[in-house]
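Please read all numbers here as calculations on a predicted model, not as lab measurements. Numbered from 1 within each chain, the chains take letters A, B, ... in sequence-line order. Computed from heavy atoms alone, side chains included, the values below leave out hydrogens, waters and symmetry copies.
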Number of protein chains: 2
Amino acid sequence: MSNINILIVEDEAAIRGMLTIVLEQAGFSPIAAAEVDSAQKILADTFPDLILLDWMLPGISGVEWARRLKKDPSYRELPIILLTARGEEEDKVRGLEIGADDYLTKPFSPKELVARIRAVLRRSGKLQGGTQIVLGNLILDTEQHRLTIGEKQLDVSPTEFRLMQFFMTHPDKVFSRTQLLDQVWGRSVYIEERTVDVHIRRLRKILGDYGKEELVQTVRGFGYRFSLID
Amino acid sequence: MSNINILIVEDEAAIRGMLTIVLEQAGFSPIAAAEVDSAQKILADTFPDLILLDWMLPGISGVEWARRLKKDPSYRELPIILLTARGEEEDKVRGLEIGADDYLTKPFSPKELVARIRAVLRRSGKLQGGTQIVLGNLILDTEQHRLTIGEKQLDVSPTEFRLMQFFMTHPDKVFSRTQLLDQVWGRSVYIEERTVDVHIRRLRKILGDYGKEELVQTVRGFGYRFSLID
DNA sequence: TTTGAGTGTGACGAATTTATTACAGACTAA
DNA sequence: TTAGTCTGTAATAAATTCGTCACACTCAAA
């Protein structure tokens, strides 16, 4: 269960399905959209680490959308890989001009796709050899599956670990219970929203043992936030 | 100038040549044969450390030869990596049945080839620079096949030894049961995941006799970790 | 102060995951 | 061959985790 989310935007259902399967098998968490409109919605409440974008799309074209995203400060850092039709050299050039991070010419092999994705992620620092997330004196090491606070090791359950991992990679941001369920539990399970509260409680209890209870903050009416600042 | 001899058996001259070059560059000493007959001769008077064997061969097929070798006591230990054509899943299954140590699906990258070869050689103990791995007061000597803790020598079975070897070369890192099976048992065998648990248990028991039971740690939901730290 | 929605908390049973044991077949050395 | 070891698997036990619920508490608007 990687938490590398990849947003696929592709109108052809067959290719979309193929991409989804390939990415899943490669250990990513893909989300697919058929056109820009729904992609935009997904973008709003999920937090993809990379977008795989078809060049030709009905309605707003992929290029056009990419151009917009690259102009938007809050999405500028989000890597985009364009999928172009065979041999349209010109497109490639234009694609890179608008700031796409890579392009891939159809047809491509699954292997190549995954390799390119990894390369881009690595370049943007999201896929690192260094597997540590450091926040203050909190260290979460995904490779060792360890959560330490100062010198002390915290004993957390798998779900708590994933929750912490998500929080620590998105500090200072408020997330609704639904968003947390989507991100930490996965989009495909249905679970009561209140369950999040319980897990938050458990996390706070553990953190509280080390005087760090206030790291997880309640934002009444919205959800929770993880932050070093009060 | 390695003394690792690798016997290549491949009928297509182009691929044979490519393999030879790749292996040479990787520091191995390749010897190539176009079919089983000449391979058999080479086998008789040179002593390869590993065979890279094409699945499809004129005359006796690669599989058939592999099967024979694996039955012959004097060659049983000789690792074999099968080269299979793309997507022939069935072949893989048969490949592992006859006891191949790994398989590689064409086309493959030189990098992957070399990595797999190294892995297999390491697993069979033939690739070791310094033969000792030292961790705390634990010493694992791959050449003498010995595991000592302080002054005491531990009596471990072959599988336990390989498991320890893998753990000691990758300390502090969590591995899933699948990863352990791939790395310690080999990619081409199908074994129940639970079997790992049993071997872990056996290892712990042995280590426990010397007060080192806690070296192998359970990471619930993920797998196991070998670490000197709690 | 009242009221109701939003949140915190402890408990519980079910589900999941891991540990342990026993056993049969394969293999090895004598 | 034979006794003994090694290994994978299945069965069972033990431990942990997880989602829900019921009820207590908070907060803010009226």
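- Near DNA chain D, defined here as any heavy-atom distance below 4.0 Å, the residues from residues 202-220 of chain A are A/R202, A/R220, listed numerically.
- The CZ atom of B/R177 sits 7 Å away from the P atom of C/dA19 (whole-angstrom rounding).
- Each of B/T159 and A/T159 was matched to the nucleotide of DNA chain D holding its nearest heavy atom; the match closer to the 5' end belongs to B/T159.
- Between the A/N137 side chain and the A/I149 main chain, no donor and acceptor come within less than 3.5 Å of each other.
- A side-chain donor-acceptor contact under 3.5 Å links B/R204 to the backbone of B/V216.
- For DNA chain D, the contact window with chain A, defined by any atom under 4.0 Å from a protein heavy atom, covers D/dT17 to D/dC27 in 5' to 3' order.
- The side-chain contact (heavy atoms from CB on, under 4.5 Å) check on A/D155 picks up nothing, with sequence neighbours excluded.
- B/V9 is linked by a side-chain contact (heavy atoms from CB on, under 4.5 Å) to B/L7, B/A39, B/I51, B/L53, B/L57, B/W65, counting only residues two or more places apart in sequence or in another chain.
- The distance between atom CD1 of A/I191 and atom P of C/dT16, rounded to the nearest whole Å, is 12 Å.
- One can place CZ of B/R201 at 5 Å from P of C/dT20, the figure rounded to the nearest angstrom.
- Scored by the side-chain contact (heavy atoms from CB on, under 4.5 Å) test, A/S157 finds A/T159, A/E160 as partners (sequence neighbours excluded).
- Note on B/Y224: only backbone sugar-phosphate atoms sit closer than 4.0 angstrom, heavy atoms only; bases stay farther off.
- The main-chain N or O of A/A33 is never found under 3.5 Å from a side-chain atom of A/R16 such that the two would form a donor-acceptor pair.
- Between the side chains of A/E35 and A/S38, at least one donor N or O sits under 3.5 Å from an acceptor N or O.
- Within the 4.0 angstrom heavy-atom criterion, base atoms lie near B/T195.
- Both B/G221 and A/D197 lie near DNA chain C, and the one whose nearest nucleotide falls closer to the 5' end is A/D197.
- Distance B/R194 CZ to C/dT17 P: 8 Å, rounded to the nearest Å.
- By the 30° and 60° cut-offs, the orientation of the rings of A/W185 relative to A/H199 is perpendicular.
- Checked against salt bridge (charged side-chain N to carboxylate O under 4.0 Å, His left out), A/R177 has the following partners two or more places apart in sequence or in another chain: A/D197.
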